[in-house]
S.K.: 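Take a look at this one; I'll ask things after.
Just so we're clear, the structure is a prediction, and the values are computed from it rather than from any experiment. Order of the sequence lines fixes the chain letters, A, B, ..., with proteins taken first and strands second; residue numbering starts at 1 for each chain.
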2 protein chains.
Amino acid sequence: MAGIEDVARLAGVSASTASRALNGHPRISAETVRRVAEAAQTLGYVASSSAYTLATGRNRNIGVVLPYVERWYFGTVLAGIDSRLMQAGYDLSLYNFNGSSEQRASVFTDFLLRRRVDALITVAVKLEAGELDVLHRLGKPVLAVGGPVPGASTLRIDDFGAAKLATLHLLSLGHSRIALIGGDAASEMDFRQPETRHGGYLEAMADHGIDVPDSWFFPADFTVGGGYAAAKTALSDPRLSFTALFAASDEMAIGAVLAARDLGMRVPEDVSIVGIDGHDLSEFFGLTTVAQAPRDQGARAADLILEALSGGEAAEATDTVWPIELVVRSTTTRNHGA
Amino acid sequence: MAGIEDVARLAGVSASTASRALNGHPRISAETVRRVAEAAQTLGYVASSSAYTLATGRNRNIGVVLPYVERWYFGTVLAGIDSRLMQAGYDLSLYNFNGSSEQRASVFTDFLLRRRVDALITVAVKLEAGELDVLHRLGKPVLAVGGPVPGASTLRIDDFGAAKLATLHLLSLGHSRIALIGGDAASEMDFRQPETRHGGYLEAMADHGIDVPDSWFFPADFTVGGGYAAAKTALSDPRLSFTALFAASDEMAIGAVLAARDLGMRVPEDVSIVGIDGHDLSEFFGLTTVAQAPRDQGARAADLILEALSGGEAAEATDTVWPIELVVRSTTTRNHGA
DNA sequence: TTGAAAGCGCTAACAT
DNA sequence: ATGTTAGCGCTTTCAA
């Protein structure tokens, strides 16, 4: 593989001049720039990233930390991040917990310390104190998508408001017996969303003077399967006779729709269902949801982190709130049983 | 951040001894290894990856090239790859085309040439001649998941056989008017699967003496939405009266199920539907499918590439065929109209 | 505007 | 079994 010495020789200059020409330094003659660029072109020269990094301290590489790549939300945010990063010539290192706490630990005790990345984007992870310490010691910009993370910049939707909005939608349709399908213990550990959305639901109910017993909460793991099981439990209990279900994610809401159908219930005539996310599939299920735009959020996240990298090092931590939108489709309707 | 000199000083040895101790070289006294490990531990020392790479030529980093991270199949394969790689202490660089040909081009003309990765795993991408050249010149092990890729090791299912198996299942149930929902022009460019699966379908039909007119093929883009649209077209045409649909992926098959329902048709009484993949959601739709196990395939792919890295450099290109399984559920039944 | 030389932080070859 | 020295391939002072 051609090195910078080869390029320099072919262009008839020294290695340092070649380096300057390639990196767009100011005081290089136009003619030299042209010849060096041409030489690099013909030799197919691309600088070795490790040598570049060792010399400059810069990696041109961003780390993305998330718990489950294979899930729609995370994959979509990641796609958005990645597309912007590539455009900017940045590589992307993926740190996926795979739902494993050992892997999660190794990311912070080992992988991140290798200094392979210039900055970090975390997606919907609830960082522990020790993990935060690691990030601070690293001294690299951190952007938390689906935050907030204390001391780091964040890009997030108002999860509390989103849950409240979804619940208010059901309340405004005359429902009052509204079950919550929310995060279980395991997802509480991983993400920030479960408890915040839970809170939004409770506040909306309280605002309408509804006292919510613990028995109205059905924990699930944020998957279609989890939502299906939770909804089946919720809807089969004869003592509770819910007319509506609020699921803290679209995947759980879709599971709930399928569960209702399998129980012989009609949606929305017998039970109204609303979710949060704006999942690709929500349109096909006619799911009423509070939509966010994960792909666009990802792209924005990449822009923000690149700005932090180019701007002054000691930039303030920013908190960007991404807009959400209630999309009413056909899984919710007025409560006629009331 | 602590460097190896700091560790060496604290342990009372030279930098090279510290390096050897940390990297598990043979002739180091047990006592020295212990002291160095302890020093590294207390200082929180982790070797800088760029310095390590520059000195050794090794990255401990694997590149993964794929077209759409946010889609279930790719995300799941990626999760499988990633989990094994992390266990082995390897980083993962993601090169996602994002369905963009410019991004695809830049991966091969720029990103891969930075020598950030020791080896490459491609997932279901159909490589062009020029792209293959780049990989060969790189001289790094390449493993194609969902191959085959000429000259590279592969890990794949028998796509032709899978499609044939799915089609034969429908034929054995007495269906003969079987439409194909397969890849469109765009997906033909990106992946290998579309045309191979198309071929399997045709051969099964031919084996049963059925002449398949072009009008029985409905192109789609491998998404639920694409499958939905294609199925709607296929099932609404009064002149064709299909009793069964074979979709070349589960996501398209799920779209087909939803389309059939929206047309007021019962599945499987009015139309049988079968897919390929073993998608997480296929169980909820009762979808009959030919299952592969993307996550396990990903894990295996990581193992294979790590073996290639540790073994002799000039290892033979291997071709591993992953087993598939017909999973019969409730979207297919005997053809009663015949 | 350009070249020579030093140095980024590590590992490996060469001594001992 | 361990220390000394050179060098991986770049960028960046320092000089000119």
S.K.: Charged N to carboxylate O below 4.0 Å: is that the case for B:D110 and B:R114?
M.R.: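 Salt bridge between B:D110 and B:R114, a charged N being under 4.0 Å from a carboxylate O: yes.
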
S.K.: Select base, sugar-phosphate, or nothing to describe what B:R58 touches, counting heavy atoms under 4.0 Å on all strands.
M.R.: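 Answer is sugar-phosphate: B:R58 comes under 4.0 Å of backbone atoms only.
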
S.K.: Go through DNA chain C in 5' to 3' direction and return only the first and the last nucleotide with some atom under 4.0 Å of chain B's heavy atoms.
M.R.: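 Span of nucleotides near chain B: C:dG9 to C:dA13.
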
S.K.: Mind checking if B:S16 touches a base, just sugar-phosphate, or nothing, with heavy atoms under 4.0 Å?
M.R.: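 The residue B:S16 makes base contact.
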
S.K.: With heavy atoms under 4.0 Å as the rule, sort B:T32 into base, sugar-phosphate or nothing.
M.R.: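 Sugar-phosphate only.
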
S.K.: Regarding A:Y90 and A:N59, is there a side-chain donor-to-acceptor distance under 3.5 Å anywhere?
M.R.: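 Per modelled atom types, A:Y90 and A:N59 side chains form no pair under 3.5 Å.
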
S.K.: Using distance alone, with no hydrogens and no angle criterion, decide if A:Y95 and B:D91 have a side-chain donor and acceptor under 3.5 Å apart.
M.R.: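 The criterion, which ignores hydrogens and geometry beyond distance, is satisfied for B:D91 and A:Y95.
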
S.K.: Taking the side chain from B:R9 and the backbone from B:V7, do they hold a donor-acceptor pair closer than 3.5 Å?
M.R.: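 No; zero donor-acceptor contacts below 3.5 Å.
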
S.K.: Let me know, please, whether B:V33 or A:N23 comes out on the 5' side of the other along DNA chain D by nearest nucleotide.
M.R.: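 Mapping each residue to its closest nucleotide by heavy atoms, the 5'-most match is B:V33.
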
S.K.: Ignoring hydrogens, what is the shortest heavy-atom contact between B:K126 and B:R104? Give both atom names and the distance.
M.R.: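 Closest approach of B:K126 to B:R104, heavy atoms only: O-NH2, 2.7 Å.
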
S.K.: For A:Q41, I'd like to know if atom CD has over 12 heavy atoms of other residues, nucleotides or ligands within 6.0 Å.
M.R.: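 Open.
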
S.K.: How do B:S48 and B:R20 order along DNA chain C: which one's closest nucleotide is nearer the 5' end?
M.R.: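 The residue closer to the strand's 5' end, by nearest nucleotide, is B:S48.
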
S.K.: Should we count CZ of B:R60 as having more than 12 external heavy atoms under 6.0 Å?
M.R.: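 Counting neighbours around CZ of B:R60, 12 or fewer heavy atoms of other residues, nucleotides or ligands fall under 6.0 Å, so no.
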
S.K.: What are the residues of residues 3-12 of chain B, sorted by number, that bring a heavy atom to within less than 4.0 Å of DNA chain C?
M.R.: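 The stretch gives B:G3, B:I4 as the residues lying under 4.0 Å from the strand, ordered by number.
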
S.K.: Does B:R71 make a cation-pi contact with B:F222, if we ask for NZ or CZ under 6.0 Å from the ring centre and within 45° of the axis?
M.R.: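 No, a cation-pi geometry is absent between B:R71 and B:F222.
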
S.K.: Run the salt bridge (Lys or Arg N to Asp or Glu O under 4.0 Å) check on A:E38 and A:R35 step by step: do they pass?
M.R.: CA-CA 5 Å; A:E38 187 180 306; A:R35 285 222 317 286; over 6 Å; no

S.K.: Do A:R58 and A:L309 have side-chain heavy atoms sitting under 4.5 Å apart?
M.R.: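 A:R58 vs A:L309: side chains apart.
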
S.K.: For a 4.0 angstrom threshold against heavy atoms of chain B, report the outermost contacting nucleotides of DNA chain D in 5' to 3' order.
M.R.: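 Range of nucleotides touched by chain B: D:dA1 to D:dG9.
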
S.K.: Should A:L94 and B:L78 be marked as a side chain to side chain contact (heavy atoms under 4.5 Å, CB included) after you check the CA-CA gap, both sets of side-chain angles, and the distance that decides it?
M.R.: CA-CA 10 Å; A:L94 177 66; B:L78 180 59; 3.8 Å; yes

